[in-house]
Number of protein chains: 2
Amino acid sequence: MDTLDIGEVIRHSGLPASTLRYYEEKGLIRPTGRRGLRRLYHPDVLQRLALIALGRTAGFSLDDIAGMFGPDGQPQIDRQQLLARADELERTIRRLSALRDGLQHAAHCPAPNHMACPTFRKLLQTAGTAPRHPRQPGKP
Amino acid sequence: MDTLDIGEVIRHSGLPASTLRYYEEKGLIRPTGRRGLRRLYHPDVLQRLALIALGRTAGFSLDDIAGMFGPDGQPQIDRQQLLARADELERTIRRLSALRDGLQHAAHCPAPNHMACPTFRKLLQTAGTAPRHPRQPGKP
DNA sequence: CTGCAAATTCAAGTCGACTTGAGGTCAAGC
DNA sequence: GCTTGACCTCAAGTCGACTTGAATTTGCAG
């Protein structure tokens, strides 16, 4: 049988049913049918969910991601959009790297308190302007 | 005069008054007094705000950050905590780097659609497990 | 003294991505 | 045939970090 029960999707993807239903409501995924009430999915849904996860990680919103699938369901991701996001990612990475260095320095710095450390203070200067970028909510 | 009017804090920090009040309510900052209704701040508040911004960028919540100031107002940031955060940052950076590479590849990949590209598919494999990490809300 | 821009308070609203809860349905195993 | 547990629906709630709005108060320029 070439369909997955929602239970299997849950097991394979690690996502809770509520999330799958939410994604469906958002138009991100679509069950191929039902067995009774139970949703049935095409196995491809797993790849699609992975793609969604990837997009979220890259900083796209669910709505952004929904826009990346053509009406046929094939991903039609605009290359410009990808590059733009890669650029933004690059900038984020730079800032986070600086930050990581700063944190490590602060953790080892012998100054009595962090404000007495020139490196730390310098970090404060440059960290003022933060880029705004969506998040990833936890699954507490 | 060694105090800043809230208006000056706004100009120097770029934060709106509502945010300053919110931070105050959270115990993150404290005005030194008032002129009429208007809050007055010690110039140090700017550094403190920078520190808060830094902490947010590093992924700390406002509550976390509030806990990093001793009762005297001096930052007392636990070094273990800093190192832990630096580690987490390091992991995040790695993932984002891989992602950036993947996005760039996808943007240039000649495959008819992204799913036909092996590199992209490989990216999907590894991006499944995302670390959970707070966000930064925008200011639109 | 008057006017007004800039502050103030307080409660309530927003946003995205989900989760939770109450009450209902049903396929499969005994 | 009956139970059971996994699923269902739908509305409402949550979380963090702010923002917004209405009604008020002020400091200061003219």
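Below, read A as the first sequence line, B as the second, and so on, with proteins coming before strands; counting in each chain starts at 1.
When rounded to the nearest whole Å, the span between CD1 of A:Ile10 and P of D:dA6 equals 10 Å. C:dC18 atom P lies 10 Å from atom CD1 of A:Ile52, rounded to whole Å. Rounded to an integer number of Å, the gap from A:Leu40 CG to D:dA6 P is 17 Å. We find that CG of A:Leu49 is positioned 11 Å from P of C:dC18, with the value rounded to whole Å. In this structure, A:Leu20 places its CG atom 16 Å from C1' of D:dT9, rounding to the nearest Å. Atoms CG (A:Leu62) and P (C:dC15) sit 16 Å apart, rounded to a whole Å. Protein atom CZ of A:Arg56 is 11 Å distant from nucleotide atom P of C:dG16, rounded to whole Å. Regarding A:Leu15, its CG atom lies at a distance of 14 Å from the P atom of D:dC7, rounded to whole Å.
Inter-residue side-chain proximity for A:Arg91 and A:Arg94 is flagged as unmet; no heavy-atom pair is nearer than 4.5 Å. Side-chain contact check for A:Leu83 versus B:Gln104: some heavy-atom pair is nearer than 4.5 Å. Annotation: side chain of A:Met115 is in contact with side chain of A:Leu124 (closest heavy-atom distance under 4.5 Å).
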Please tabulate, for the side chains in residues 71-78 of chain B, all donor-acceptor contacts under 3.5 angstrom to protein atoms that are two or more places apart in sequence or on a different chain.
residue, atom, partner, partner atom, Å
B:Asp72, OD1, B:Gln74, N, 3.2
B:Gln74, OE1, A:Asn113, ND2, 3.4
B:Asp78, OD1, B:Gln80, N, 3.4
B:Asp78, OD2, B:Gln81, N, 3.4

Donor-acceptor pairs under 3.5 Å, side chain of residues 16-30 of chain A to any protein atom, not counting sequence neighbours: which ones?
residue, atom, partner, partner atom, Å
A:Glu24, OE1, A:Arg39, NE, 2.6
A:Lys26, NZ, A:Asp63, OD1, 3.0

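Each of D:dT9, D:dC7, C:dA17 was ranked by its minimum atom distance to the side chain of A:Ile6; first place goes to D:dC7. The side chain of B:Ser61 lies closest to D:dA17, out of D:dA17, D:dT19, C:dA7. Comparing C:dA7, C:dT20, D:dC18 against the side chain of A:Ser18 picks out C:dT20 as the nearest. Side-chain proximity of A:Thr19 to the nucleotides C:dT8, C:dC18, D:dC18 is greatest for C:dC18. In the set D:dT9, C:dA7, C:dT8, the nucleotide with an atom closest to the side chain of B:Arg39 is C:dT8.
Partners of B:Asp5 according to the salt bridge (charged side-chain N to carboxylate O under 4.0 Å, His left out) rule, which considers only residues two or more places apart in sequence or in another chain, are B:Arg35. Judged as a salt bridge (charged side-chain N to carboxylate O under 4.0 Å, His left out), and not counting sequence neighbours, A:Asp101 has no contacts. With sequence neighbours excluded, the residues that form a side chain to side chain donor-acceptor pair (under 3.5 Å) with A:Arg100 are B:Glu90. With sequence neighbours left out, A:Arg121 forms a salt bridge (charged side-chain N to carboxylate O under 4.0 Å, His left out) with no residue at all.
Comparing the local axis fitted to the first five base pairs of the helix from C:dC1-D:dG30 to C:dC30-D:dG1 with the one fitted to its last five gives a bend of 10°, rounded to 10°.
Taking a 4.0 Å limit (strictly below) on heavy-atom distances, residues 21-30 of chain A reaches DNA chain C at A:Tyr22, A:Tyr23.
Distance alone, capped at 3.5 Å, places no donor-acceptor pair between the A:Arg56 side chain and the A:Leu62 backbone. Side chain of B:Asp87 to main chain of B:Ala84: no donor-acceptor pair is present (N/O by atom type, distance under 3.5 Å, no hydrogens or angles).
Residue pairs meeting the ring pair (Phe, Tyr, Trp, His ring centres under 6.0 Å) criterion with at least one member in residues 63-116 of chain B, sequence neighbours excluded: B:His114-B:Phe120.
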Quick one, give me the B/S/- string for nucleotides 24-30 of chain D, reading 5' to 3', where B means a protein heavy atom under 4.0 Å from the base and S means that only happens at the primed atoms, P, OP1 or OP2. --SSS--
